[in-house]
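Notes for the one structure printed next.
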Amino acid sequence: MSYGASYPIIDNFFYFTYIHNTGAAWGILEGRLNFFFLVSILATIGIVYYFIQSPSYQKLTRFGLILVLSGMIGNLIDRIAFGYVRDFIDFLIFGYNFPIFNVADMAITIGIFLVIFETVCEEIKIWKLSKSQ
């Protein structure tokens, strides 16, 4: 696939469009490679610590943390090997061309959602228990 080439998978909705992203989501902080290395190291330490500290019954949180770490490592490998992240998943939703992303970005997003979801569910349980007493 050549740079910038776009191949329709589902016309007017889903495409494979190959681009290079030297920044974070939506290209913010473009070209700050050393910053991303530092953030990746700090985030890895934080994620591993949080995973170790999380109780084993928090399965969604632990799985979410693994997804975030895996996605971050995937994007970091691209940055180390190429100096940019290779993005290719492109959606056109109701006329809005959503920013192009990759599988690692999906893992990070789903992982964060799982951590937040389980945290909110636990808080609701605690709130309900406090109301019943």
Side-chain angles (χ1 to χ4, degrees):
M1 185 180 278
S2 60
Y3 182 80
S6 188
Y7 301 94
I9 305 303
I10 301 172
D11 221 11
N12 294 318
F13 177 67
F14 177 47
Y15 299 84
F16 281 163
T17 303
Y18 180 63
I19 64 162
H20 301 163
N21 184 356
T22 60
W26 296 284
I28 61 172
L29 300 171
E30 198 167 326
R32 306 255 196 289
L33 203 56
N34 289 333
F35 172 76
F36 291 115
F37 293 145
L38 178 63
V39 168
S40 296
I41 291 167
L42 294 174
T44 298
I45 293 167
I47 291 168
V48 169
Y49 176 79
Y50 191 52
F51 182 89
I52 291 168
Q53 296 299 314
S54 65
S56 60
Y57 66 83
Q58 290 183 331
K59 302 227 184 287
L60 289 179
T61 295
R62 296 179 123 213
F63 185 62
L65 291 170
I66 290 168
L67 283 174
V68 171
L69 184 62
S70 300
M72 185 186 64
I73 290 171
N75 280 339
L76 183 61
I77 289 170
D78 265 6
R79 284 191 175 96
I80 291 169
F82 306 111
Y84 53 83
V85 173
R86 299 171 296 173
D87 288 338
F88 61 93
I89 300 170
D90 187 8
F91 281 99
L92 183 67
I93 302 171
F94 300 115
Y96 174 69
N97 194 2
F98 195 80
I100 301 168
F101 58 97
N102 63 29
V103 176
D105 298 334
M106 289 178 7
I108 293 167
T109 303
I110 292 167
I112 290 170
F113 172 79
L114 290 174
V115 171
I116 292 169
F117 179 75
E118 187 163 56
T119 302
V120 168
C121 288
E122 285 186 6
E123 289 299 318
I124 290 171
K125 285 179 191 175
I126 292 168
W127 178 75
K128 284 182 178 181
L129 278 174
S130 72
K131 288 291 194 186
S132 67
Q133 293 175 351

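The structure presented is a predicted model; accordingly, all values stated were derived computationally and were not measured.
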Practice problem: Test Thr17 against every option in Asp90, Asn97, Asp87 by the side-chain hydrogen bond (donor to acceptor under 3.5 Å, both in side chains) rule and name the one that passes. | Solution: Asp90

Quiz item: Taking C-beta and beyond as the side chain, do Tyr84 and Arg79 meet within less than 4.5 Å on heavy atoms?
Solution: no

Quiz prompt | Side chain proximity check, Ser70 to Ile66, heavy atoms < 4.5 angstrom | solution = yes

Self-check item: Closest contact, heavy atoms only, Asp105 versus Asn102
Solution: N-OD1, 2.8 Å

Quiz item: Would you say Phe113 and Ile108 are hydrophobically clustered, going by side-chain heavy atoms of ILVMFWY under 4.5 Å?
Solution: no

Quiz item: Looking at side-chain heavy atoms only, is the closest gap between Val68 and Ile110 below 4.5 Å?
Solution: no

Quiz item: Looking only at side chains, do Asp78 and Asn21 share a donor and an acceptor under 3.5 Å apart?
Solution: no

Quiz item: Should Ile80 and Phe37 count as side-chain neighbours, where that means a heavy-atom distance under 4.5 Å?
Solution: yes

Quiz prompt | Tyr3 versus His20, closest heavy-atom pair with distance | solution = CE1-N, 3.1 Å

Practice problem: Compare all side-chain heavy atoms of Leu65 with those of Val115 and state whether any distance is below 4.5 angstrom. | Solution: yes

Quiz prompt | Minimum heavy-atom distance Thr44-Leu69, with the two atoms named | solution = OG1-CD1, 3.8 Å

Practice problem: For this output row, return yes or no: ring centroids of Tyr15 and Phe13 closer than 6.0 angstrom. | Solution: no

Quiz item: Given side chains that start at C-beta, do those of Phe88 and Val103 come closer than 4.5 Å, heavy atoms only?
Solution: yes

Quiz item: Just wondering, more than 12 heavy atoms not from Phe117 lying within 6.0 Å of its CZ?
Solution: no

Self-check item: Close side-chain approach of Trp127 to Lys131, heavy-atom, < 4.5 Å
Solution: yes

Quiz prompt | Over 12 foreign heavy atoms within 6.0 Å of CZ, Phe91 | solution = yes

Self-check item: Residue pair Glu118 / Leu114, side-chain heavy-atom distance below 4.5 Å
Solution: no

